[in-house]
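What follows is a short report on a single structure.
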Amino acid sequence: MNSIISIDYGTRKSGLAYSVEGFCFAWKTVSTVDLLTILPKWIQERKAELVVIGMPYNIDGSMSKHGKRVSEFARKLETRSEEHTSELQ
């Protein structure tokens, strides 16, 4: 797997990084409200084979309150990415 994008989803800001041939690079920090606009195009530009989103779990392994927001974001991103991919075809 050559190209991976990772997202550290935050309530106000989110961190984005990518890997190429096993090397990881921080890309930038963006406003969380802009993520769904930025990511589909960036995923395509980087030719990402995988998108990894950090999930915040509680120490006991249960889903944290923020984890529920991250899960919702992941579902929205998946839907938006599918829509973006079909527009490009």
Side-chain angles (χ1 to χ4, degrees):
M1 192 160 303
N2 289 329
S3 184
I4 300 171
I5 286 178
S6 63
I7 303 167
D8 183 11
Y9 184 86
T11 53
R12 288 183 288 243
K13 293 184 178 182
S14 296
L16 302 174
Y18 64 96
S19 73
V20 177
E21 297 181 11
F23 293 96
C24 299
F25 304 94
W27 184 48
K28 65 178 166 179
T29 301
V30 298
S31 172
T32 297
V33 296
D34 296 331
L35 273 177
L36 288 174
T37 303
I38 294 168
L39 284 172
K41 185 177 177 186
W42 191 53
I43 290 167
Q44 184 206 11
E45 287 172 0
R46 298 249 22 113
K47 296 181 172 84
E49 298 173 38
L50 180 67
V51 176
V52 177
I53 303 172
M55 288 298 297
Y57 289 98
N58 292 319
I59 194 77
D60 66 359
S62 63
M63 180 69 68
S64 70
K65 210 185 295 186
H66 183 62
K68 293 174 186 167
R69 289 189 290 264
V70 174
S71 292
E72 179 62 27
F73 166 76
R75 281 191 290 279
K76 287 179 183 177
L77 177 61
E78 184 174 29
T79 299
R80 182 78 54 99
S81 294
E82 288 170 358
E83 290 169 1
H84 187 75
T85 300
S86 64
E87 288 173 6
L88 297 172
Q89 295 176 355

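Remember, predicted model here, so these are calculated numbers, not experimental data.
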Would a distance-only check, ignoring hydrogens and angles, find a side-chain to backbone donor-acceptor pair under 3.5 Å from [X] to [Y]?
X	Y	answer
S64	P56	yes
H66	Y57	no
N58	D60	no

Distance (rounded to the nearest 0.5 Å) between K47 NZ and S3 OG: 9.0 Å

Single-linkage hydrophobic cluster F23~Y18, side-chain heavy atoms < 4.5 angstrom: yes

Within residues 25-38 or reaching into it, pairs that qualify as side chain to side chain donor-acceptor pair (under 3.5 Å) - sequence neighbours excluded: S14-T32

Does [X] reach the side chain of [Y], with side-chain heavy atoms less than 4.5 Å apart?
X	Y	answer
I7	V70	no
M55	S71	yes
I53	S6	no
V30	I38	yes
R46	V20	yes
R69	T11	yes

Carboxylate-amine/guanidinium contact E72 R75, below 4.0 Å: yes

Derivation of the side chain to side chain contact (heavy atoms under 4.5 Å, CB included) call for V52 and I5: CA-CA 6 Å; V52 177; I5 286 178; over 6 Å; no

Where A26 and A17 come nearest, the two heavy atoms and their spacing: CA-CB, 4.0 Å

Pairs involving residues 2-20, ordered by first then second residue, that meet salt bridge (Lys or Arg N to Asp or Glu O under 4.0 Å) (sequence neighbours left out): none

Other residues, nucleotides, ligands: >12 heavy atoms within 6.0 Å of F25 CZ: yes

